[in-house]
Each structure stands twice: as structure tokens, then as C-alpha cells.
Number of protein chains: 2
Amino acid sequence: MMQHQPIASPESFTTERLCQRMLERHRDVIRVQKDHLAVRKLVKIVTAALDLSSRLGFHAMSLRDLSRESGVSMGGLYSYFDSKTTLLSMILTEVGVTATEVLGQAPADVRADPRRHLDWLIDTHIRLTEVMQPWFVFAFMEAKAFPQPARKMAVDSEEATEKIFAEALRLGAGRGLFQAGNPELTAALIKPLLQDWYVKRAKYRRRGIAIGDYVAAVSAFVSAALGDRPAVQP
Amino acid sequence: MMQHQPIASPESFTTERLCQRMLERHRDVIRVQKDHLAVRKLVKIVTAALDLSSRLGFHAMSLRDLSRESGVSMGGLYSYFDSKTTLLSMILTEVGVTATEVLGQAPADVRADPRRHLDWLIDTHIRLTEVMQPWFVFAFMEAKAFPQPARKMAVDSEEATEKIFAEALRLGAGRGLFQAGNPELTAALIKPLLQDWYVKRAKYRRRGIAIGDYVAAVSAFVSAALGDRPAVQP
DNA sequence: ATAATAAAATCGAACGCTCGCTCGATTTTG
DNA sequence: CAAAATCGAGCGAGCGTTCGATTTTATTAT
């Protein structure tokens, strides 16, 4: 608990840690008091919820399904949320907060160089969504079913990410590194390239494309589009 | 009925025509016999279904919602499908078939030039999904809820589209027009750029980005990434 | 034109079932 | 042995679906 925590890298976001953060954030709703018990069950519940939702969608998942799959009784579930919709919001919140937090944490020296910053953003985004794949798919697919406040948060989180990209592009264009006539539009086009990795994860797995290949491909694709000449031996 | 039909352009796929095709394809399930009556109601039902689904998802839409919104009674709905799942499949089938059909119809002279073919594919894909936006969003979002056969069709349709892109890329690379080391992966990266236009349609509308701007941006982005130098005055 | 009529299309109340959710009884924990 | 955590049967509401009654449609006879 008190141990020193390194700067959060994508890999550090295990389900366990995410559920810990979830517990802290929703202490008012979660009625179980002992942390170690609460986290242990939360992991079971959230894991089952993400799994069931990914198969048929959150709405199609009944709480009886969730109870069976997680091994927590119907009544027990309601010690962790006060409605099915609250569970939805809790998961989404965690995704939004984490994404914004991680992507805003580029080291100063990386941020100073727009070219490196862009590569760092691409790499970090893809690696984070790889580690939290079920979470991100959930947020992406169920976003429309959110209650108003959570929904706005999802949109804001998406826009925040795009802003970070647009800022790096603008800075790079200002220094004559990129041809980015319209940084906002270019950032908007980079986003779906990153999202495809988790939205269509099964496709890339089927084709045997590893995460490193994908990062490299997106990175090359983007920098070529920006007018960066690919690195060649002199 | 007997009138001469031009080569299908994206714009020709009105809801009315799509429902006509839907009727022909599902004559065995649809119990209404008079075509003009059937098409008129199908338009109402499908329009309402796409609208309601886009708001909360297909599963969350009850048939009472659909009945109210479409103006067709509960019993009446069941003259047009034999289960809620069948309605889902009917809409998906129409999307898959139409996409494959339209994108495979590039004129011979266009197909002969990989550069033009690529631009044609980008332009046609975006314009088709613009005209059929609710349909494509539906297929994209509800794909996981499909019964096995319809689901496979969705995946196949997606792969078919990508194959057409990969083929053009391979041809162009062979002629030394593009740097496309891995046509499959490049095609896989182009796809989400096209999908973003309909999946995040609201975002682009909010930002005042017109379809022509988007087509141009994707086209420029892709050809830059492929090593095509942007056209400049000599 | 109009009225009569059989077929087609439409309707909506009713059925059985499953849903989200609650709460008193029971088990586990420290 | 309290307090905390967990359980699962039971509640009312709303679901997808059905089906006999009713209205609309297209055709025929006047």
C-alpha cells in the first residue's frame, strides 16, 4: 500500500490494480468494507462482466449470467453496485481515467521532441489498450448505452487523447518536421488506427500479427503520411 | 420495375430500394404478399429499428418500442419477421451484400490503374457508408450479437473488402508505384480510416468536416504513406 | 359509380418466461 | 461471538411471441 510506485507504464495496469482503484473511487457505493475481500471479488465480477459483455453485449448479459460466471450470488453482486447501470459506469470510468492519465505522462525529454512524442504516444496507446483490451472494447462498444454523465466522460476522454496528438502535430509542423496542414484532422485519422488494435484484436491474432509489428506499421504509416522520410542507410 | 438500372452508385441505395431488395431476399419469411404494401411498411420498420438501435443498441430496443416508433402493431411486426433475431440478420445481410457488391464494381479503366483504383475505393467506400450510415453502424455495433451464420458473413464481408484493397496495393507495389511492403497489413490499416467516417459520424459533423474534406484527407494520408509525393506545382 | 365480398393485412390483449432487484436467513471473518 | 459478508428464493415489471378478432384492400356484380 505504502510502497513506492513507479511512473505508471501500460504494463502496470493489471486487473487487480484497476479493481483497487475502482474500489477507492466508489467507496460510497461498494458496501463491503474489508479491502482485500472487496478487491478479490471485484476482480471476479469485473472479469466475468467484461467476458460476458464481449460475447453478447452488456445489455444481453443478465445478472444471473454474471452471478454464475463470477461465482458471486445475486444478492452479493448488489454489495458492489446498486444497479446494473452503475456497474457499467464504474468500468467505463476506470477506462477513461486510466487512458487520460497514462497518455498525459510522457517524460519531459520525449515531449520536447514532437517526432519522438508521436512515436511514444502511438506505442504507449497500443500497449495500454493491449493490456486492458477487454476494458477498452467494453468502453468502445457500450459507450452509447451510457447514462448521460458517463457518456459525456467517454466523449471527453476521446477528445483529450486526440488533443494530445494534435498538440504534438502542431508543434512538429511549426518546427517544419511534418507536413500537417490540419493537425486536428490528422489526429482524428490517427485515432482509429490505434483503436483498430483492440477493436479488431481477434483479426490480428488470427493473422499472426504481433503487437510490435503493429506498432511499427502504424508508426511507419503515420510518419510517412507526415512527410517524414523513412530511415535509410546513407 | 422494368426500367433500366444504371450501374449501382452509392447514392442509389435509398432506404426504399434497400427494403425492396430485402423483401426479395426474404420472401419466405415475410408473410405480406403485396409488394408495395410490404415495402412501405418495411421502410417504416427498418428505419425505426436502425434509429432505436443506434440510441441504445439492438438488444435494449424492445419490440414495443419498435411498434410505437414504426407505427406497426406488435402482431403486424411478425408478418415481416419471425423473430427479433431474424430482423437483425435481415438488416446485416443487406449491409454485407451491398458493400461487397458496390466495392467490387469499379469500372475496368479505373481498376487498370492501381493509383486510381485506390482513390476510387476510398471515395466509394466513404460515400456508400455515408448514404447507408445507420445501416453500417448497426452492422458494426451489433455484429457480435449475431447468430453464427450471420456473424460469419459479417467477418467475410469485412475480409472481402480488405482483399480488394490489398489486391490494388499489391498491383501498385509490383509496378513500383507504391512502397507497400506488406499489402495485407496496409489494407488492414486503411480500413479503420474508412470506418471512422460512419462510426464517429457525429464527431465529424460537430467539427464541421464535410464528406469531401474527409475523402480528400484520407486519400492524401494514404497516398503519402505509400510514398506517393503530393501533387505540387512545378 | 356503387355495393358486395372474399382474401389479405393489421391489430392488441394475453401468455409464459426472464429480467433487475430486494431482504431476511445463513455463513464467514477477525 | 458480534459484525461483516454472502446467500438465493421471491417480487413486480417488462420481455418476445402468439392468435382470434377486426379492418383494409382489390375484385366482381350490379
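In what follows, chains are A, B, ... by sequence order, proteins preceding strands, each numbered from 1.
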Original post:
Is the phosphate of dA26(D), meaning OP1 or OP2, less than 4.0 Å from a side-chain N or O of His36(B)?
Top reply: yes
**OP:** Send over the distance from Leu63(B) CG to dC11(C) C1', rounded to a whole Å.
**Re:** 15 Å
Original post:
So, is Ser73(A) near the phosphate of dG8(D), with a side-chain N or O under 4.0 Å from OP1 or OP2?
Top reply: no
**OP:** Return the value, rounded to whole Å, for the distance between atom CZ of Arg40(A) and atom P of dA4(D).
**Re:** 18 Å
**OP:** Could you check how far CZ of Phe81(B) sits from P of dT10(C), rounded to whole Å?
**Re:** 13 Å
**OP:** Using atom types as modelled and distance alone, determine if a side-chain donor or acceptor of Arg111(B) lies under 3.5 Å from a backbone N or O of Ala106(B).
**Re:** yes
**OP:** For Leu66(B) and dT17(D), give me the distance from atom CG to atom P, rounded to whole Å.
**Re:** 12 Å
**OP:** Find the distance Met74(A):CE to dG8(D):P and express it as a whole number of Å.
**Re:** 11 Å
Subject >> Protein-nucleotide distance (Ile45(B), atom CD1; dG16(D), atom P), rounded to Å >> reply: 15 Å
Subject >> Under-4.0 Å side-chain N/O to phosphate OP1/OP2 contact, Ser79(B) with dT10(C) >> reply: no
**OP:** Take the protein atom NZ of Lys41(B) and the nucleotide atom C1' of dA9(C), then report the distance between them rounded to whole Å.
**Re:** 7 Å
Original post:
Given that Lys34(A) and Thr85(B) both sit by DNA chain D, which one's nearest nucleotide is further toward the 5' end?
Top reply: Lys34(A)
Subject >> Val199(B) vs Phe140(A) side-chain heavy atoms within contact, under 4.5 Å >> reply: yes
**OP:** Using atom types as modelled and distance alone, determine if a side-chain donor or acceptor of Arg151(A) lies under 3.5 Å from a backbone N or O of Ala145(A).
**Re:** no
**OP:** Could you tell me the separation between the CG atom of Asp82(A) and the C1' atom of dG20(C), rounded to a whole number of Å?
**Re:** 12 Å
Subject >> Electrostatic pair Arg21(B):Glu16(B) at N-O distance under 4.0 angstrom >> reply: no
Original post:
Has the side chain of Arg64(A) got a donor or acceptor that lies under 3.5 Å from a partner of the other kind on the base of dG20(C)?
Top reply: yes
Original post:
DNA chain C: Gln33(B) or Asp65(A), which has the more 5' nearest nucleotide?
Top reply: Gln33(B)
Subject >> Contact under 4.0 Å: Tyr80(A) side-chain N or O vs dT6(D) OP1/OP2 >> reply: yes
**OP:** Report yes or no: is the cationic atom of Arg201(B) (NZ for Lys, CZ for Arg) under 6.0 Å from the centre of the six-membered ring of Tyr198(B), at an angle within 45° of the ring normal?
**Re:** no
Original post:
Base, sugar-phosphate, or nothing: which does Ser67(B) touch, judged by heavy atoms less than 4.0 Å apart?
Top reply: nothing
